[in-house]
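These notes are about the structure you will find just below.
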There are 2 protein chains.
Amino acid sequence: MADDYHHGNLRAAVLEKAAEVIGREGPYSFSLRSLALELGVSHTAPRHHFGSREGVLNALATEGFRELGDRLRANRDAGGDFLDAGVEYVRFATDHPAHFDVMFTPSLLGDGDEELNAARTAAFGELRAGVDSLADDDRGVEDAAAGMVAGWSIVHGVATLALTGNLDRSGLRDLFRDTDLLSITRRSAGLLFGPRTPSSPPQKE
Amino acid sequence: MADDYHHGNLRAAVLEKAAEVIGREGPYSFSLRSLALELGVSHTAPRHHFGSREGVLNALATEGFRELGDRLRANRDAGGDFLDAGVEYVRFATDHPAHFDVMFTPSLLGDGDEELNAARTAAFGELRAGVDSLADDDRGVEDAAAGMVAGWSIVHGVATLALTGNLDRSGLRDLFRDTDLLSITRRSAGLLFGPRTPSSPPQKE
DNA sequence: AGAATATCTTTACAGCGGTAACTTTCCACC
DNA sequence: GGTGGAAAGTTACCGCTGTAAAGATATTCT
């Protein structure tokens, strides 16, 4: 472990600080220079590890897609429901708000990063696998394609609206008193297909 | 009012160009200077109308919330369904992607802009009104609060995932061949509560 | 020990947003 | 019909930012 000249693990430190700053102030005010200053290195030091500002964001997104993919896979391996996968999706978003933000904001990212593209493809594969189960489920979803879009959209919507604070701003959040977001997610997404055992059908007739 | 000093209606021109640039490259690369250059005015000219860069984004968001609120109100006045309101929401997003982006990215905006806050509150009011009807609807939604969150989330999720290109990237988009996004929205959101009159369920593919 | 490499620093540069002081145009008023 | 003031736009400057190239230092490998 070097002390003076070499930071030690600058790459990890940059990613950590970047996630912290972006989580607090968003991806647009995030600056490499202020980050390097906080870490006690020169402002061009991160460039060696990431190439550019976009490189940092690419790395952050890659990290995020890997983690999300891992979680979805773990959920599936544990026999997790579609609903469980959705809740896991929102849990990831609240655990790593900065990652989530950057991952789904392509205008911040480059499209030539192979590691990023691979991680994203893998994560999207897990996502589809998790949501694909709807097709041969016993929930009676006829329009399978629409069901998948609905499933992904609803959890992505909850996560996005919550993280940006718009759920609070809308006043809808207050209807749940102090119910935590994951419970809200389960209740809301649960309306989509209803419980697996058809005790209470999702629609009227 | 001054209509052709050097430019004419700079304020409107700035907003239009800003929406164009942001729609194409995202809000990060949007720069007052390049914008002013394109419009043939000095880089400080927009400042007179908007105060700052953030002011331009605030104005864009305000414009967007007003338009969205108007559309939702019009839909309601025309006897529009909850589903119609959702489709209208997505239509607005695709019609004005830049506005939609800025509107729901509070880290780009200031929180002291009264016009913005008023427009947002009004639009959110319309949103709730549109989605509130679920409570005393004939669709048999028991958990009204969760229903509202689900309704908003699903259309917001569809809009966000589509606009950012992530729906395409995921491969889910291909399942619909060349169905347009609004039809996909109706089919997906329709799964939430089912049809009001149980005559024609959202068709299969 | 010595060379090679990875890591970080220094220095330089162009573009950006913000501010202040100034100029030009327009409009309303006496 | 001239005049004063407000509105709109300009120029000059500051500090901050990302990028780039070249030099310095630590680590690693032989």
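Values reported hereafter were calculated over all heavy atoms of this structure, with side chains retained and with hydrogens, waters and symmetry mates removed. What you see is a predicted model; the values in this text were computed from it and never measured. Chain naming here is simple, since letters A, B, ... match the order of the sequence lines and numbering starts at 1 in each.
- Atom NE2 in B/His49 sits about 17 Å away from atom C1' in C/dG17, given to the nearest Å.
- Scanning all heavy atoms of the two residues, the minimum distance from B/Ile22 to B/Leu60 falls at CD1-CD2, 3.8 Å.
- Each end of the helix from C/dA1-D/dT30 to C/dC30-D/dG1 gets its own axis, taken as the rotation carrying the C1' atoms of four end pairs onto the next four within a five-pair window, and the two axes meet at 10° to the nearest 10 degrees.
- Closest approach of A/Arg173 and A/Asp168 over heavy atoms only: CG-OD1, 3.1 Å.
- An OP1 or OP2 oxygen of C/dT19 is reached within less than 4.0 angstrom by a side-chain nitrogen or oxygen of B/Arg47.
- The nearest whole Å value for the distance from the CG atom in A/Leu32 to the C1' atom in D/dA20 is 14 Å.
- Taking every side-chain heavy atom of B/Arg53 into account, C/dG18 is the closest of C/dC8, C/dG18, D/dT19.
- When all heavy atoms of B/Ala36 and B/His43 are compared, the closest pair comes out as CB-CA, 3.6 Å.
- The distance between atom CG of B/Leu37 and atom C1' of D/dT10, rounded to the nearest whole Å, is 14 Å.
- Under the 3.5 Å distance criterion, the side-chain polar atoms of A/Arg53 are matched with a main-chain donor or acceptor of A/Phe30.
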### Task
Mind running salt bridge (Lys or Arg N to Asp or Glu O under 4.0 Å) on A/Asp84 and A/Arg76 for me, showing each step along the way?
CA-CA 9 Å; A/Asp84 298 322; A/Arg76 200 159 46 112; over 6 Å; no
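- Computed from coordinates, the B/Phe30 CZ to D/dT17 C1' distance equals 17 Å when rounded to whole Å.
- Using a 4.5 Å heavy-atom cutoff, the side chains of A/His156 and A/Phe100 are in contact.
- Rounded to an integer number of Å, the gap from B/Leu10 CG to C/dT25 P is 16 Å.
- What separates CD of B/Glu38 from P of C/dG15 is a distance of 15 Å, to the nearest Å.
- Both B/Ser34 and A/His48 lie near DNA chain C, and the one whose nearest nucleotide falls closer to the 5' end is A/His48.
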Using nucleotides 11-14 of chain D, report all nitrogen or oxygen pairs with the protein that are shorter than 3.5 Å.
unit_1, atom_1, unit_2, atom_2, d
D/dT11, O4, B/Thr44, OG1, 3.2

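- Within the model, atoms CZ of B/Arg66 and CG of B/Leu116 stand 9.0 Å from one another, a figure rounded to the nearest 0.5 Å.
- Taking atom CD on A/Glu25 and atom P on D/dT17, their separation rounds to 11 Å, with Å as the unit.
- Rounded to whole angstrom, the span from the CZ atom of A/Phe50 across to the P atom of C/dC8 amounts to 10 Å.
- B/Thr179 contributes a side-chain N or O that, together with a main-chain N or O of B/Phe176, makes up a donor-acceptor pair within less than 3.5 Å.
- Atom-to-atom distance recorded for B/Asp180:CG and B/Thr185:OG1 is 8.0 Å, nearest 0.5 angstrom.
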